[in-house]
S.K.: 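Have a look at this one before I ask anything.
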Amino acid sequence: MICREQDGTIVMVKQHEHGRLAGELAKWFKDEQVPESVRRDEVLWSIANHDRGWIDLDETPFWNDAENAPYSFIDFPVVPKLTFYRRGLNEIEAVSSYGALLCSLHFERLIEVSGEECPELDEYQKDEAERRARIHRELEQRAVPIGEDELYVDARLLQFCDDLSLYMALNRPGSPKSEEHPWWKDGFSGSEDFKFTSGRVITAEWQDESTLRLEPFPFTHEVETVIILRRVSRKDITDKGIVRAYRETPEEECRIMVTGFPGETSA
């Protein structure tokens with residue numbers, strides 16, 4: 001679950017919903033960064049499904065007594081998290097072996113950034129290294145092999161769309177830069193590798209409560225996005241418990257227009 005505090009509520013977004021949004025964003029990325037032909041379908045599907053391992057977990061939120069908040073993807077205990085990482089990757093590989101390679105590399109990067117350590121994590125990393133090696137061998141047998149250059153480009157697309165979707169879920173729409181989540185104070189890491197940025201890091205800034213401006217602009221045109229969320233009252237959580245409070249809170253749509261400076265957003 002992705003969670004943030006706002007006005008006596010905990011705004012909660014399911015991980016797979018965030019993944020769906022990441023996949024939608026990837027569809028409209030500048031043409032030179034989105035692969036063509038069959039690989040395009042694999043990459044876009046994989047980006048949209050990269051967090052599918054959380055689907056069942058997010059049906060029932062868990063309460064973290066130490067933080068007085070629901071467990072989120074940030075602080076969820078590592079051992080069960082790895083179990084569901086594996087489950088999600090297995091489901092992805094059943095549809096697309098290349099997608100599983102992309103997503104396995106993506107989780108490896110997240111683990112390295114987190115700095116977590118435990119024997120179960122070592123075993124997970126060993127298993128995933130074997131998965132990736134096996135998939136690499138399979139890709140070499142394709143009629144049109146996928147090389148390291150293509151893999152690097154696709155991994156960067158997944159990373160950016162994942163980050164931007166998280167940005168929209170973890171930041172209150174309309175909030176000033178001074179209140180921005182610290183992960184993106186200096187922009188989106190890795191975005192300077194996109195050709196169209198000329199080495200610049202893509203940054204984001206809210207223009208109002210429904211408009212987010214990116215610079216440099218990464219899409220072919222303005223993109224209207226929708227995030228499905230629940231605003232769960234802390235009072236309801238106290239009175240009913242997190243599970244009942246969450247289930248009785250209706251879902252709502254948060255619409256955000258992603259734009260750039262004038263002249264950048266035309267198709």
S.K.: Linking I/L/V/M/F/W/Y whenever any side-chain heavy atoms sit under 4.5 Å apart, do F29 and L158 land together?
M.R.: yes

S.K.: Can you name the ring-ring contact (aromatic ring centres under 6.0 Å, His included) partners of H18, sequence neighbours left out?
M.R.: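 In terms of ring-ring contact (aromatic ring centres under 6.0 Å, His included), with neighbours along the sequence ignored, H18 is linked to H50.
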
S.K.: Kindly give the heavy-atom pair with the smallest separation between P216 and R200, and that separation in Å.
M.R.: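 Nearest heavy atoms, P216 then R200: CB-NH2, 3.5 Å.
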
S.K.: Considering non-hydrogen atoms only, spot the tightest contact between E253 and R255 and give its length.
M.R.: OE1-NH2, 3.1 Å

S.K.: Residues two or more places apart in sequence or in another chain: which of them pass side chain to side chain contact (heavy atoms under 4.5 Å, CB included) with L57?
M.R.: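 L57 satisfies side chain to side chain contact (heavy atoms under 4.5 Å, CB included) with W54, F62, F76, F84 once adjacent residues are dropped.
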
S.K.: If only side-chain N and O atoms count, and only distance matters, is there a donor-acceptor pair under 3.5 Å linking D162 with H106?
M.R.: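 Yes, a side-chain donor-acceptor pair sits under 3.5 Å.
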
S.K.: Determine, stepwise, if the pair E108 / R132 fulfils side chain to side chain contact (heavy atoms under 4.5 Å, CB included).
M.R.: CA-CA 11 Å; E108 186 75 7; R132 293 193 295 271; 3.9 Å; yes

S.K.: Which Ile, Leu, Val, Met, Phe, Trp or Tyr residues join V226 in one cluster when any pair of side-chain heavy atoms under 4.5 Å counts as a link?
M.R.: I228

S.K.: When you check the gap from the basic side-chain N to the acidic O, do E179 and K177 get nearer than 4.0 Å?
M.R.: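 Answer for the salt bridge query: no.
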
S.K.: Taking the inter-plane angle between the rings of F73 and W183 on a 0 to 90° scale, is it parallel (under 30°), tilted (30 to 60°) or perpendicular (over 60°)?
M.R.: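 Rings of F73 and W183: perpendicular, as their planes differ by over 60°.
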
S.K.: In terms of side-chain heavy atoms, does N90 have a donor or acceptor partner in R87 at a distance below 3.5 Å?
M.R.: no

S.K.: Working to the nearest 0.5 Å, report the span between CG of N64 and CD1 of I242.
M.R.: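 Answer for the CG-CD1 pair, N64 versus I242, is 11.5 Å.
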
S.K.: Any idea which heavy atoms bring V78 and C118 closest together, and the distance?
M.R.: CG1-SG, 3.9 Å

S.K.: Which pair of heavy atoms, one from A204 and one from L214, lies closest together, and at what distance?
M.R.: CB-CD2, 3.5 Å

S.K.: Quick test of your reading of the model: are K185 and E180 salt-bridged, counting only N-O distances below 4.0 Å?
M.R.: no

S.K.: Output all residues satisfying side chain to side chain contact (heavy atoms under 4.5 Å, CB included) with T249, sequence neighbours left out; order by chain, then residue number.
M.R.: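 T249 satisfies side chain to side chain contact (heavy atoms under 4.5 Å, CB included) with R230, V232 once adjacent residues are dropped.
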
S.K.: With side chains defined as the heavy atoms from C-beta onward, is the minimum distance between L89 and E128 less than 4.5 Å?
M.R.: yes

S.K.: Answer yes if the side chains of R247 and T60 hold a donor-acceptor pair under 3.5 Å, and no otherwise.
M.R.: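 A pair is found: one side chain offers a donor N or O, the other an acceptor, under 3.5 Å apart.
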
S.K.: Which residues pass the side chain to side chain contact (heavy atoms under 4.5 Å, CB included) test with D65, sequence neighbours left out?
M.R.: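 Listed in chain order: W63.
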
S.K.: For the pair F107 and Y124, evaluate ring-ring contact (aromatic ring centres under 6.0 Å, His included) and give the outcome as yes or no after the intermediate values.
M.R.: CA-CA 11 Å; F107 292 145; Y124 168 86; 7.7 Å; no

S.K.: Taking salt bridge (charged side-chain N to carboxylate O under 4.0 Å, His left out) as the test, write out the residues that go with E93, two or more places apart.
M.R.: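 Result, salt bridge (charged side-chain N to carboxylate O under 4.0 Å, His left out) vs E93: R131, R134.
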
S.K.: Find the distance between CD (Q207) and CG (L212) and round it off to the nearest 0.5 Å.
M.R.: 8.0 Å

S.K.: Is a donor from one side chain sitting under 3.5 angstrom from an acceptor on the other, for T259 and E222?
M.R.: yes

S.K.: Only pairs under 3.5 Å count here: list side-chain donor-acceptor contacts from residues 94-101, not counting sequence neighbours, and write none if there are none.
M.R.:
unit_1: S96; atom_1: OG; unit_2: E42; atom_2: OE2; d: 2.7
unit_1: S96; atom_1: OG; unit_2: G99; atom_2: N; d: 2.8
unit_1: Y98; atom_1: OH; unit_2: D154; atom_2: OD2; d: 2.5

S.K.: Should we say atom CD of E209 is surrounded by more than 12 heavy atoms from elsewhere, each under 6.0 Å from it?
M.R.: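 No, CD of E209 has 12 or fewer neighbouring heavy atoms, counting only those of other groups under 6.0 Å.
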
S.K.: Is the number of heavy atoms from other residues, nucleotides or ligands within 6.0 Å of CG (D186) greater than 12?
M.R.: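 12 or below, so no.
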
S.K.: With sequence neighbours excluded, tell me which residues meet salt bridge (charged side-chain N to carboxylate O under 4.0 Å, His left out) with E117.
M.R.: none

S.K.: Salt bridge or not for K14 and D51, using N-O below 4.0 Å?
M.R.: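 Between D51 and K14 there is no salt bridge, as every charged N stays at least 4.0 Å from the carboxylate O atoms.
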
S.K.: Might you work through the salt bridge (Lys or Arg N to Asp or Glu O under 4.0 Å) test for E150 and R39, ending with a clear yes or no?
M.R.: CA-CA 10 Å; E150 290 89 349; R39 192 169 114 246; 5.1 Å; no

S.K.: State which residues pass ring-ring contact (aromatic ring centres under 6.0 Å, His included) with Y246; sequence neighbours excluded, sorted by chain then number.
M.R.: none

S.K.: Taking only residues two or more places apart in sequence, or in another chain, which ones meet E205 in a salt bridge (charged side-chain N to carboxylate O under 4.0 Å, His left out)?
M.R.: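 For E205 there are no salt bridge (charged side-chain N to carboxylate O under 4.0 Å, His left out) partners, ignoring immediate neighbours.
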
S.K.: Fit a plane to each ring of F219 and F217, take the angle between them on a 0 to 90° scale, and name the class: parallel (under 30°), tilted (30 to 60°) or perpendicular (over 60°).
M.R.: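 If you compare the ring of F219 with that of F217, the planes turn out perpendicular.
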
S.K.: Atom CG of D127 and atom OH of Y85: how far apart are they, to the nearest 0.5 Å?
M.R.: 15.5 Å

S.K.: I would like to know whether L229 and E252 meet side chain to side chain contact (heavy atoms under 4.5 Å, CB included); could you show each step before the answer?
M.R.: CA-CA 6 Å; L229 53 81; E252 61 180 88; 3.3 Å; yes

S.K.: Tell me the closest heavy-atom pair linking L44 and A26, and the distance in Å.
M.R.: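 Minimum heavy-atom separation between L44 and A26: CD2-CB, 3.5 Å.
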
S.K.: Rounded to the nearest 0.5 Å, how far does CD1 of I55 lie from CG of N49?
M.R.: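 One finds 7.0 Å between CG of N49 and CD1 of I55.
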
S.K.: Considering residues at least two apart in sequence or located in another chain, which fulfil the salt bridge (charged side-chain N to carboxylate O under 4.0 Å, His left out) criterion with E5?
M.R.: R234

S.K.: Considering residues at least two apart in sequence or located in another chain, which fulfil the ring-ring contact (aromatic ring centres under 6.0 Å, His included) criterion with H136?
M.R.: none

S.K.: Test side chain to side chain contact (heavy atoms under 4.5 Å, CB included) on T225 and V223 and set out the steps.
M.R.: CA-CA 6 Å; T225 64; V223 179; 3.9 Å; yes

S.K.: On the six-membered ring of F261, is R213 placed so that its NZ or CZ lies under 6.0 angstrom from the centre and within 45° of the ring axis?
M.R.: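 Judged by the rule (NZ or CZ under 6.0 Å from the ring centre, within 45° of its axis), R213 counts as positioned above F261.
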
S.K.: Restricting to non-hydrogen atoms, name the atom on M1 and the atom on P61 that form the minimum distance, rounded to 0.1 Å.
M.R.: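 Heavy atoms only, the tightest pair is CE-CB, 4.3 Å.
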
S.K.: Looking at CD1 of I47 and CH2 of W45, how far apart are the two atoms once the value is rounded to the nearest 0.5 Å?
M.R.: 12.0 Å

